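Written below as structure tokens is the structure these notes are about.
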Amino acid sequence: MKTGMAEFELIEEAFRRHTPSCKPQTRIANGDDGSVHGISPDQELVVSTDASVSGVHWPLDMPLEKAADRAVCAALSDLAAMGAEAYWLWVSVLACSASDAACMGRGIHAALWRYTIELAGGDTVSAPVNALSLTVAGILPQGTAMRRNAASPGDDLWLCGAAGHAALGLRQWQSGHRDGVFVERFAEVKPLLAEGKSLREKGVRCCIDVSDGLLQDAGHIARASGLAMRIDVEALPGWQELLDVAGPDDAKTCAMTGGEDYALLFTAPHNLRPILKPVGKRFGICKEGTGVQAAYHGRLLRMPIKGYAHFS
Ligand code: ADP
Ligand code: MG
């Protein structure tokens, strides 16, 4: 294995490339927000797993209860992106002490009650760092999962939720703020489960949740669907609020490369515009070609496609 490899290259080389087989029940395999498996003639099971580590996924000074609640919500966001109804959580708790484990337990349960999720299993171990490994699962009507490889040239690009608000909130947290709209956007993740289900029911077939930065996550859809995208930054939902507080340069950086918004980025043909308007905002277009371009009032931004990446 090469050293200094970035996250996605590492995942491909060390894990995904070596998958021995795909089972006949697997409808959407590894590579999407969740995998999808046929379990009955009319229903499919959607499963997704995420890790959340103190000092990496949440600031060391965030109360553990809040951090654990937030981690469950972030995991549920992958089910929202697939359009699934969320049913189950399995959680492995790695804790520095019994009281840290208990604190994380309170946060986990707060999130489970809020979204009516069953705690179906887990593991609890002592560790040198507080961390959670979260597996979530839900149900979908057969063949309706939203996926990353279903965009077509000419489709509109839509966003449900805001872009860059959580990144600005994290900066504010790091400079000592503990309240305000942006800090709240960062500290209190709201998985868009009802919105994801609604998009799926309205006929949307292509979606991703924005966890690592808009440019990077749009790039995942562009690559999986074999097309190019153009984003108009000023058309993003929440842009004006971000601009007012952060100023143009920081606002562009937060909106394009900041992670943790857990917004839903989806694509849809023109004929769906009227029914999708209540759920999201159009901010771009899919085209023939490759790559993602962002423009601000018609001028192309020279911004590398980067978002949050582990190991880089
Ligand atoms: P997300 O941000 O939606 O949680 P990631 O960016 O973490 O997804 O992962 C990208 C894809 O790579 C996902 O489909 C995930 O299942 C897969 N993946 C990540 N790490 C591994 C691993 N260690 N083994 C197998 N698949 C992995
Ligand atoms: Mg995701």
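Atoms considered below: every heavy atom in the structure, side chains included; atoms not considered: hydrogens, waters and symmetry mates. In this text the structure is predicted, and so the values were computed from the model without any measurement. Numbering of ligands and ligand atoms starts at 1, following listing order.
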Walk me through whether K66 and E188 qualify under side chain to side chain contact (heavy atoms under 4.5 Å, CB included).
CA-CA 8 Å; K66 198 177 196 82; E188 284 165 33; 3.4 Å; yes
Go through it in stages, so that I can follow the logic: the residues are Q172 and V245, the test is side chain to side chain contact (heavy atoms under 4.5 Å, CB included), and I'd like the CA-CA distance, side-chain angles, deciding distance and then a yes or no.
CA-CA 11 Å; Q172 293 180 339; V245 178; 4.0 Å; yes
As a quick check of understanding, evaluate side chain to side chain contact (heavy atoms under 4.5 Å, CB included) for K197 and E85, giving each step before the final call.
CA-CA 7 Å; K197 179 172 179 244; E85 290 208 47; 3.2 Å; yes
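In terms of N/O distances under 3.5 Å, ligand 1 is not approached by T49. Distances between N or O atoms of E7 and those of ligand 1 include no value under 3.5 Å.
The closest protein non-hydrogen atom to atom 9 (O) of ligand 1 is I11 CD1, 4.3 Å. With hydrogens left out, the protein atom closest to atom 14 (O) of ligand 1 is D32 O, 2.8 Å, a heavy atom. The protein non-hydrogen atom at the shortest distance from atom 10 (C) of ligand 1 is F8 CE2, 4.3 Å. Residue, atom and distance of the protein heavy atom nearest to atom 24 (N) of ligand 1 are F15 CB, 3.3 Å. Closest protein heavy atom to atom 17 (C) of ligand 1: N30 OD1, 3.2 Å.
For R148, every heavy-atom contact with ligand 1 shorter than 4.0 Å involves the side chain, none the backbone. Under 4.0 angstrom from ligand 1, the non-hydrogen atoms of D50 all belong to its side chain.
A salt bridge does not link D250 to K252: none of the charged nitrogens lies less than 4.0 Å from a carboxylate oxygen.
Each protein N/O/S atom under 2.8 Å from the Mg ion (ligand 2) was counted, for a total of 3.
Not a single heavy atom of R17 lies less than 4.0 angstrom from ligand 1.
A distance-only check finds no donor-acceptor pair linking the side chain of S48 to the backbone of G34 [under 3.5 Å]. At distances below 3.5 Å, not a single donor-acceptor pair connects side-chain atoms of D209 with backbone N or O atoms of A81.
Atoms CD and OG, on E44 and S35 in that order, are 11.0 Å from each other to the nearest 0.5 Å. Here the CZ-CG distance, from R185 to L168, works out to 11.0 Å after rounding to the nearest 0.5 Å. I231 contributes atom CD1, which lies 5.0 Å from atom CG of L215 (distance to the nearest 0.5 angstrom).
Between S52 and W58, the closest heavy-atom pair is O-CZ3, 3.5 Å.
Between W158 and F266, the two ring planes are parallel [angle under 30°; tilted spans 30° to 60°].
Near R16, meaning under 4.0 Å from any of its heavy atoms, are these atoms of ligand 1: 12 (O), 26 (N). Below 4.0 Å from some heavy atom of G31 lie the following atoms of ligand 1, by number and element: 14 (O).
Comparing S35, A75, S211, A74 against atom 2 (O) of ligand 1, the shortest heavy-atom distance belongs to S211.
In this structure, atom 5 (P) of ligand 1 has no protein heavy-atom contact shorter than 4.0 Å.
The side-chain tip of R16 does not point at the ring of F8 from less than 6.0 angstrom away and within 45° of straight on.
By the neighbour-count criterion of 12 heavy atoms within 6.0 Å, atom CG of D123 is densely surrounded, having more than that number from other residues, nucleotides or ligands.
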